[in-house]
Amino acid sequence: MTDQATGPGRARPAAPPAAPPAGVPVRAEDAPVAPPRRRRREAGPVFYVIIALLVMMALGPILLMVTTSLKLQVDIVSSAPGLLFAPTLQNYETVLCDVLWYEPEHVRFCDPTFSRALGNSLIVATVSTVLTLLIGTMAAYAIVRFRFMGRDAVSLGTLLMRMVPPAVLLVPIFGIWTFQYGLNDTYAGIVLVYVAMNLPFVIWILQSFISQVPMPLEEAARMDGANPWQVFLLVVLPLIKPGLAAAAIFTFRIAWNEFILANVLLGRNTRTVPVTIVNSLTEHNIDWGVIMATGMLLAVPPVIFTLLASRQIITGMTAGAVKG
Amino acid sequence: MRGGPAHTLPKDPLMATARRRANRLTPYLFVAPALLVLAVGLLYPIGYMVWASFLDWSPSQRIGEAEFVGMRNYVGLLGDASFQESVRVTLVFAAAVVSIEMVLGVGLALLLDRQIRGMSLLRTVFILPMMIAPIVVGLIWRYMYHPSVGVFNRTLESWGLEPIPWLSSPDWALASVIIADVWQWTPFVFILSLAALQSLPRSALEAARVDGASEWQQVWHIKLPLMLPVLIVTALLRLIDAFKVLEVILVMTNGGPGLSTEIVSLRIQRTVAEFRQLGTGAAMSIYLLLIVLVLTVAMFLFGKWREGRDARVRARAAEAEAA
């Protein structure tokens, strides 16, 4: 924090003297002195130091998780400096013992909970994403092209849905899914929740992409005898790939990371990774190495998405902030 | 039978009407699955919750067997000290994270508004904390705050300072939780305000510079007012999300010590899972929804009002100049 506080003071000298002192009027004859047509201030070395500090602050905790997951409990507890240790994959072997093709020597009892949860998470997140995209794209297409329902209704719905804290859905989802739908402890039950939760957002973001597809293109396809389904599948879908990517990442991330609803809905055999992580947390004697390895495995897919598509993610995150 | 190639249609009027009817039905077919899922998975549950909030209902009963108690859940909560405390904690938490993140994020954006090489890489780095599961973020911070193996207390120790009871003292726990949220979400504010800053009209800034405005004057009188619409929406989004935080706190403190970090969402979760009072939990959910709704609408209206006022001021200034 202190580094940021001193930042502005130290950064000032590095800035080019574009701004004259306050109160000194600048006349036309002074203008040629200033470098012509400077569009934006150049960055000095102090500036890069600040950036480096910020990057370290953003990445530090994540790197700490990486290193901890590669440490044995002995190294975690020891008071030696944090980076002096022999990295080991033992924690990962402990976590994944069930799906490894060999039997790790140090694992005496193999607990299949985590590998099962990993499979559950993959199924639930993938199916939710595919279904949400399928249903959402169709709805968004109808809303844009057939002027079906107002677009304002969709924006409002998205905003309202964004406002609902997931904890609020706890009671009804528990009650209905258990007693009326009979979907507790099933993949279908949790997938239904995730699809419904994500649909408003996905429809909202996709309709903004679909409305940019040029109408004449679709008309041409129709003239050539394509029916609405063909137009949709063969003309529109390929053109809105970036929107689909953004929507897919968001849906997948929510389904993959979500804890509270999965916690009440899923039983022993259908639990997802976040639920097993919280269940394995105890008050004392936490095996930090193993639990960080678990956390790493949970963090990997979102991190990969971020590296691949940070632009789309920002579009999604700021949806609503930039355009009305 | 139906829908031959288009060029054959004019010859067959019957087919044409059939096809037209099919086309007219298409939008409904396209929207139907979405409406069905939303009705079954979202609207019905929310309506159901409103109904449940008037019931005395335990998880072992079907909803039909639960006793109707009218407003008792709502009235009971108003007098419930634990619930009041959780509302207070939630409001403090939301106010603190939104204001700290806005100040830090906007400040950094103003400071770092330069031509940055590798900006996209930087953005990628900054959104990582937001993409990782909240559960994992909670884990990381719980580890860092750990009294003996945590990096913070180790550092303090190596400097010869007293260790701080980050999560184990009621005085520190809320602050520790707030710090974790600030770490996770300040980049969001930073990215948005930097984007807003870099899309400001160059002419306004150029004019100010020519008129001899100091750095501070430029920031206060030109940059911030012009960024205001984006800033308001950013703060709004952060405020809404601050009320949704649950997992990070659950993993770090589980609401403790005492009730010091028990936000309403956590209270709902405990009421449902531990105390097994679904009706009370539903009533709490309604209260929480109302709080979020009121704050969001209030902030939205305030933003509109500020924008309108600024626009009027600018219009008047332009008039004065023209006169």
Side-chain angles (χ1 to χ4, degrees), chain A residues 7-8 11 19-20 22 24-26 40-43 47 55 58-59 61-62 65 76-77 135 138-139 141-142 146 148 162-163 165 167-173 175-176 179 192-193 195-196 199 225 227-228 253 257 259-260 274 277-278 288 295 298-299 302-303 306-307 310 313-314 318 321, chain B residues 3 5-6 23 26-27 30-31 33-34 37-38 41-42 45 48-49 52 62-63 111 114-116 123-129 131-133 135-136 139-140 143-144 149 187 191-192 209-210 212 214-215 230 233-234 237 240 243-244 246-247 265 268-269 272 278 281-282 285 288-289 292 296:
Chain A
V24 179
V26 180
R40 198 174 291 155
R41 288 169 297 173
E42 293 288 326
F47 169 87
V55 169
L59 287 186
I62 299 172
M65 170 169 70
I76 294 171
V77 184
I135 299 173
M138 279 164 47
Y141 182 66
F146 303 103
F148 190 87
R162 191 174 177 146
M163 272 176 20
V168 163
L169 296 173
L170 208 57
V171 174
I173 279 180
I176 298 175
F179 293 123
L192 174 61
V193 177
V195 173
L199 259 185
N227 65 37
R253 185 186 73 127
N257 290 349
F259 161 75
I260 177 164
I277 291 185
V278 174
W288 284 107
L298 188 63
V303 168
T306 314
L307 297 181
S310 63
I313 291 167
I314 290 169
T318 59
Chain B
N23 280 358
T26 313
F30 272 55
V31 177
V37 169
L38 285 176
L42 211 60
Y48 189 89
M49 177 180 65
R62 297 180 147 270
I63 194 164
L111 181 65
R114 314 282 161 88
Q115 229 143 25
I116 305 177
R123 258 196 304 243
T124 308
V125 167
F126 283 152
I127 48 178
L128 277 180
M131 293 297 286
I132 292 177
I135 291 284
V136 176
L139 266 184
I140 296 177
Y143 177 66
M144 293 200 296
V149 301
I191 290 172
L192 277 193
R209 214 168 290 150
V210 171
S214 71
E215 287 275 326
V230 176
V233 180
T234 310
L237 292 178
I240 290 172
F243 282 92
K244 295 164 81 174
L246 172 93
E247 284 106 328
S265 289
I268 295 174
Q269 208 243 357
V272 172
L278 296 183
S285 309
L288 180 60
L289 270 183
V292 181
T296 313

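What you see is a predicted model; the values in this text were computed from it and never measured. Scope of the values below: all heavy atoms of this structure, side chains included, with no hydrogens, waters or symmetry mates. To find a chain, count down the sequence lines: A is the first, B the second, and so on, and within it residues start at 1.
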> How far apart are the closest heavy atoms of A:Pro172 and B:Tyr48, and which atoms are they?
CA-CD2, 4.0 Å

> How far apart are the closest heavy atoms of A:Ile277 and B:Ile135, and which atoms are they?
CG2-CG2, 3.8 Å

> Report which part of A:Ile176 has an atom under 4.5 Å of a heavy atom belonging to chain B: side chain, backbone, both, or neither.
both

> Which region of A:Met163, side chain (C-beta onward) or backbone (N, CA, C, O), has a non-hydrogen atom less than 4.5 Å from a non-hydrogen atom of chain B, or is it both or neither?
both

> On a heavy-atom basis, which atom in A:Gly295 and which in B:Val136 lie closest, and how many Å separate them?
O-CG2, 3.7 Å

> For A:Leu307, is it the side chain, the backbone, both, or neither that has a heavy atom closer than 4.5 Å to a heavy atom of chain B?
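Backbone plus side chain of A:Leu307, per the 4.5 Å heavy-atom cut-off to chain B.
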
> At a 4.5 Å cut-off on heavy atoms, which part of A:Leu169 comes close to chain B: side chain, backbone, both, or neither?
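Contact with chain B: side chain only.
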
> Report the distance from atom CG of A:Leu59 to atom CZ of B:Phe126, rounding to the nearest 0.5 Å.
8.5 Å

> Do B:Gln269 and A:Leu170 come within less than 4.5 Å of each other through their side chains, counting heavy atoms only?
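Side chain of B:Gln269 against side chain of A:Leu170, heavy atoms only: contact under 4.5 Å found.
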
> Relative to chain B, which segment of A:Tyr141 carries a heavy atom at a distance below 4.5 Å: side chain, backbone, both, or neither?
side chain

> Just so I know, are the side chains of B:Ile132 and A:Pro302 near enough to count as touching, which here means a heavy-atom distance under 4.5 Å?
no

> Return the set of residues passing side chain to side chain contact (heavy atoms under 4.5 Å, CB included) with B:Val37 (not counting sequence neighbours), or none when no residue passes.
A:Ile135, A:Leu192, A:Val195, A:Ala196, A:Leu199

> Apply side chain to side chain contact (heavy atoms under 4.5 Å, CB included) to B:Ser265 and list each qualifying residue two or more places apart in sequence or on a separate chain.
A:Pro165, A:Ala167, B:Leu246, B:Ile263, B:Leu288

> Using side-chain contact (heavy atoms from CB on, under 4.5 Å), reason through B:Val31 and A:Met138 one step at a time and then give a plain yes or no.
CA-CA 6 Å; B:Val31 177; A:Met138 279 164 47; over 6 Å; no

> Measure B:Pro33 against the heavy atoms of chain A and call it side chain, backbone, both or neither at under 4.5 Å.
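Backbone plus side chain of B:Pro33, per the 4.5 Å heavy-atom cut-off to chain A.
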
> Measure A:Val193 against the heavy atoms of chain B and call it side chain, backbone, both or neither at under 4.5 Å.
neither

> First locate atom NZ of B:Lys244, then atom CD1 of A:Ile260, and finally report the distance between them rounded to the nearest 0.5 Å.
12.5 Å

> Heavy-atom cut-off 4.5 Å, strictly under: side chain, backbone, both or neither for B:Glu247 against chain A?
side chain

> What are the two closest heavy atoms between B:Ala52 and A:Val171, and how far apart are they?
CB-CG1, 4.5 Å

> Can you tell which of B:Val292, B:Val125, B:Leu139 has the highest number of heavy-atom pairs within less than 4.5 Å of chain A?
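Option with the greatest count: B:Leu139.
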
> Could you walk me through whether A:Val303 and B:Met131 satisfy the side-chain contact (heavy atoms from CB on, under 4.5 Å) test, starting with their C-alpha distance in whole Å, then the side-chain angles of each, then the deciding distance to 0.1 Å, before giving a yes or no?
CA-CA 7 Å; A:Val303 168; B:Met131 293 297 286; over 6 Å; no

